[in-house]
Colleague: 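Questions regarding the structure given below will be posed in turn.
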Amino acid sequence: MMGKPMDWQRVKQLLFVQAGLVTAATLAGMAVGKTAALSAFLGGVIALGASAIFAFWVFAPYRAQQPGILVTRFYIAEVGKLVFVACAFAVIFIWLRPLNAVALFVSFFLVQVVSPVLAHWLTGKAQR
């Protein structure tokens, strides 16, 4: 039996929340300047891209009779996510000049950490 898990809707919600936070961080960066806006955008896109990689790898259709495959997917997705983040930050630090590191990391943190909390809060509020 193959199909998308029921949590796919939550995953899409989280990715949309993250995309909204990327936009908000970029707009906030514009108040500081073009460099801050670009750095904030890139930090948010790294976090969004990492989440998308993880989500699409883990939530791809699989057979329920093979639970070990799901565990393997989680490990592979997490390693892929970490490699993506490390490579993306390396590329940005090597090639982007000028760079606003504070905006880059604040945006990354905002999208990576705050958005799941916000999405959980929103879904918890919607279920009441």
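The basis for the numbers below is simple: all heavy atoms, side chains too, and nothing from hydrogens, waters or symmetry mates. All of these numbers come straight from a predicted model, not from anything done at the bench.
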Colleague: Any heavy-atom pair between the side chains of L38 and L99 that's under 4.5 Å?
Modeller: no
Colleague: Is the shortest side-chain heavy-atom distance between F74 and W57 below 4.5 Å?
Modeller: no
Colleague: With rounding to the nearest 0.5 angstrom, report the CG to CZ distance, L48 to F108.
Modeller: 11.0 Å
Colleague: Are side-chain heavy atoms of V11 and F56 found at a separation under 4.5 Å?
Modeller: no
Colleague: Mind checking the CD1-CZ spacing from I53 to F84? Nearest 0.5 Å is all I need.
Modeller: 4.5 Å
Colleague: Around F41, counting heavy atoms of other residues, nucleotides and ligands shown, do more than 12 lie under 6.0 Å from its CZ?
Modeller: no
Colleague: By side-chain contact (heavy atoms from CB on, under 4.5 Å), which residues pair with V113, not counting sequence neighbours?
Modeller: F109
Colleague: Can you list, pair by pair, the side-chain donor-acceptor contacts under 3.5 Å of residues 17-24, counting residues two or more places apart and other chains?
Modeller:
| residue | atom | partner | partner atom | Å |
| --- | --- | --- | --- | --- |
| Q18 | OE1 | S51 | OG | 3.2 |
| Q18 | NE2 | S51 | OG | 3.0 |
| Q18 | NE2 | V111 | O | 3.1 |
| Q18 | NE2 | S115 | OG | 3.2 |
| T23 | OG1 | A19 | O | 3.1 |

Colleague: Hey, what do you get for NZ (K81) to CD (Q112), rounding to the nearest 0.5 Å?
Modeller: 4.0 Å
Colleague: Please find the pair of heavy atoms, one from S107 and one from G44, that lie closest to each other, and give the distance.
Modeller: OG-N, 3.0 Å
Colleague: Can you name the closest pair of heavy atoms from A25 and A40 and give their distance?
Modeller: O-CB, 3.5 Å
Colleague: Determine whether the aromatic ring centres of residues F93 and F105 are separated by less than 6.0 angstrom.
Modeller: yes
Colleague: Closest approach of T35 and N100, non-hydrogen atoms and distance?
Modeller: CG2-N, 3.7 Å
